[in-house]
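Please read these numbers as outputs of a predicted model, since none were measured by experiment.
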Amino acid sequence: MPDLATTSPTRPRLRLRVTAAAEAQLRGGHPWLYASSVREQNREGEAGELAVVYDRRDRFLALGLYDPHSPLRVRVLHVGFPVIVDETWWAARLDAALLRRAALFGPETDGYRVLNGESDGFPGAVVDRYADTLVLKLYTAAWFPHLPLLLDLLAERFPGFRVVLRLSRNIVALAEEAGLRDGQTLAGDEPDGPVIFRESGLRFEADVVRGQKTGFFLDQRENRRRVEALAKGRRVLNAFSFSGGFSLYAARGGAREVVSLDISPHALASAERNFALNPGLTARHETVQADVFEWLAETKREFDLIILDPPSLARREAERAGAVRAYGKLAADGLRRLAPGGVLVSASCSAHVSADEFFEAVRGAARRSGRKWRELRTSRHAPDHHASFPEAEYLKAISLQLD
């Protein structure tokens, strides 16, 4: 495998100089360098090329994967002293990520995140495992030239596993130019349907080719376990239920009845198939297809445990204030349908809404309800989805119990 730091004999190394503010951010460990921060560049760069950043005194500062197609121009790999970035270097990073997860999962769980992008030293690349299938999701065209390297590293550590490629929407056209497509099988046989995997002993399906994210919302595993512990004897509403993850855990926890509420008939059908995969679950399960905001505001039904886990309500900074208000309204509507002694579990995956803003929106709804309440817990990222810098932090959840 060639050294990724080598350059063509006819081309000089790609060298960048950046603003003073960007220098400080890089030294502080931030893994992104934006195009607007590049003040000098010796030549045009290609996607995936190794760019070297020098400071104002012409000393080595950092190196990373260059992407001329993105405002996020360099995904930083290393800061400090020069290093040789080769297969051995990448292998050490992958092994460190695997070691970080080695004690987290036993035989009851074979669905989890293997690589979490920048936070595991593989910026712009995520790998999720579903049984014997790995899903590689890319967020930058900078990885296209290095796919053979990444596939070799994965094959050595996961022999015989299938690898499916998923692509962020912003790089689909660039991928086609490189002969790649979303949902493409890069190693092994193409899947003939959803992949079945285990999480905490429950069986789920993951549509690894066309499903949202990489096929399943693995990041909510710990919160699903907490819901299971709260569910015994309760009437449970799982709003924005998708494929029923919280619903199955609630059923196993002894819920009296479980309602999966989602606007997507495909998601609800997946939830029903997931229940069928686990015939030992005896709770009554009902699916309701409706807009959650409208249904919650209009229903007269009452529940003892309500889970609110909407998709991102703020995909850009301009939507942040509206999202905070929407989270507050959702919580208020949910609290009105909560029986005395009931528990509300509210979650957010909006990176543009901070944890403090989200928690306060839900607490504010509880205060305005006029009922006595207490906060059971707040939570953030699962250990296999750890975040090493602020922009990577998106998941938060809060649980309240009302009298």
Side-chain angles (χ1 to χ4, degrees), residues 169 212-213 217 219-220 223-224 226-227 230 236-242 245-247 259-264 267-268 288-340 342-382 385 387 389-403:
R169 281 175 291 185
Q212 296 185 44
K213 299 187 80 171
F217 292 94
D219 52 0
Q220 287 281 25
N223 288 327
R224 286 191 281 267
R226 292 169 187 133
V227 161
L230 293 167
V236 179
L237 172 65
N238 179 15
F240 307 98
S241 59
F242 189 53
F246 281 106
S247 300
V259 175
S260 295
L261 171 64
D262 202 284
I263 199 169
S264 166
L268 294 174
V288 176
Q289 183 191 349
D291 178 281
V292 173
F293 286 90
E294 295 177 0
W295 192 89
L296 262 186
E298 297 170 0
T299 188
K300 303 302 181 188
R301 296 179 66 171
E302 195 171 66
F303 299 90
D304 309 299
L305 173 59
I306 296 176
I307 302 105
L308 302 174
D309 182 27
S312 178
L313 299 181
R315 299 190 180 277
R316 53 188 64 88
E317 177 61 26
E319 298 172 345
R320 182 179 59 81
V324 172
R325 290 192 295 271
Y327 285 123
K329 184 180 187 311
L330 262 181
D333 288 343
L335 292 171
R336 278 193 286 271
R337 307 321 321 151
L338 204 59
V343 175
L344 176 77
V345 178
S346 189
S348 165
C349 63
S350 299
H352 291 288
V353 175
S354 72
D356 288 343
E357 287 175 315
F358 173 67
F359 294 152
E360 183 53 33
V362 178
R363 292 167 183 148
R367 287 193 295 268
R368 290 189 295 274
S369 74
R371 298 167 65 180
K372 290 184 178 180
W373 60 279
R374 65 189 181 98
E375 188 170 310
L376 301 181
R377 70 174 301 134
T378 60
S379 64
R380 301 297 302 275
H381 285 246
H385 286 70
F389 63 108
E391 287 86 345
E393 297 175 359
Y394 67 94
L395 188 64
K396 46 266 182 189
I398 182 170
S399 301
L400 306 179
Q401 186 165 28
L402 273 73
D403 292 344

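Using the six-membered ring where Trp is involved, Trp295 and Phe303 have ring planes that are tilted, between 30° and 60° apart.
For the pair Arg371 and Ala339, the tightest heavy-atom approach, listed with the atom from each and the gap, is NH2-O, 3.5 Å. Contact between Ala267 and Ser264 at its shortest, heavy atoms only, is N-OG, 3.0 Å. Nearest heavy atom pair, residue Ala332 against residue Ala365, reads N-CB, 3.7 Å. In this structure, Ala290 and Leu261 approach most closely via the heavy-atom pair CB-CD1, 4.0 Å.
To the nearest 0.5 Å, atoms CG (Leu344) and CD1 (Ile398) are separated by 8.5 Å. In this structure, the separation between CG on Asp304 and CD on Gln401 is 10.5 Å, given to the nearest 0.5 Å. Interatomic distance, OG of Ser399 versus CZ of Arg226, reported as 8.0 Å (0.5 Å rounding). Atom CZ of residue Arg301 and atom CD1 of residue Ile306 lie 11.0 Å apart, to the nearest 0.5 angstrom. Atoms OG and CG, on Ser241 and Leu268 in that order, are 5.0 Å from each other to the nearest 0.5 Å. Atoms CZ and NZ, from Arg336 and Lys300 in turn, are 10.0 Å apart once rounded to the nearest 0.5 Å.
Residues Leu237 and Arg337 are not in side-chain contact: their nearest non-hydrogen atoms beyond the backbone lie 4.5 Å or more apart. The shortest distance between side-chain heavy atoms of Leu330 and Ser346 does not fall below 4.5 Å. Residues Leu402 and Leu335 meet the side-chain proximity criterion, which asks for heavy atoms closer than 4.5 Å. For the pair Phe240 and Phe293, the minimum side-chain heavy-atom distance is below 4.5 Å. With a 4.5 Å cut-off on side-chain heavy atoms, Val227 and Ile307 count as touching.
Among residue pairs with one or both ends in residues 349-377, those qualifying as ring-ring contact (aromatic ring centres under 6.0 Å, His included) are Tyr327-Phe358; sequence neighbours excluded.
Residue Val345 forms a side chain to side chain contact (heavy atoms under 4.5 Å, CB included) with just one option from Leu400, Val362, Leu305, Leu376, and that option is Leu305.
For His381, the ring pair (Phe, Tyr, Trp, His ring centres under 6.0 Å) partners two or more places apart in sequence, or in a different chain, are Tyr394. For Glu298, there are no salt bridge (charged side-chain N to carboxylate O under 4.0 Å, His left out) partners, not counting sequence neighbours.
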Starting from the C-alpha separation in whole Å, work towards a yes-or-no answer on side chain to side chain contact (heavy atoms under 4.5 Å, CB included) for Phe246 and Val236.
CA-CA 10 Å; Phe246 281 106; Val236 179; over 6 Å; no

Test log, rule side chain to side chain donor-acceptor pair (under 3.5 Å), inputs Asp309 and Gln220:
CA-CA 9 Å; Asp309 182 27; Gln220 287 281 25; 3.1 Å; yes

Assess whether side chain to side chain donor-acceptor pair (under 3.5 Å) is satisfied between Ser247 and Asn238, documenting all intermediate values.
CA-CA 6 Å; Ser247 300; Asn238 179 15; 2.9 Å; yes

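The backbone N or O of Phe242 lies less than 3.5 Å from a partner atom in the side chain of Asp262, making a donor-acceptor pair. With hydrogens and angles disregarded, no donor-acceptor distance shorter than 3.5 Å links the side chain of Glu360 to the backbone of Glu357. Using a distance-only test at 3.5 Å, with no hydrogens or angles considered, no donor-acceptor pair links the side chain of Arg224 to the main chain of Gly245. For Lys396 (side chain) and Ser350 (main-chain N/O), a donor-acceptor pair under 3.5 Å exists by modelled atom type.
Heavy atoms from other residues, nucleotides or ligands lying under 6.0 Å from CZ of Arg325 number 12 at most.
With respect to Asp333 and Lys329, a salt bridge is recorded, a charged nitrogen being found less than 4.0 Å from a carboxylate O. Salt-bridge check for Lys213 with Asp219: passed, with a basic side-chain N closer than 4.0 Å to an acidic carboxylate O.
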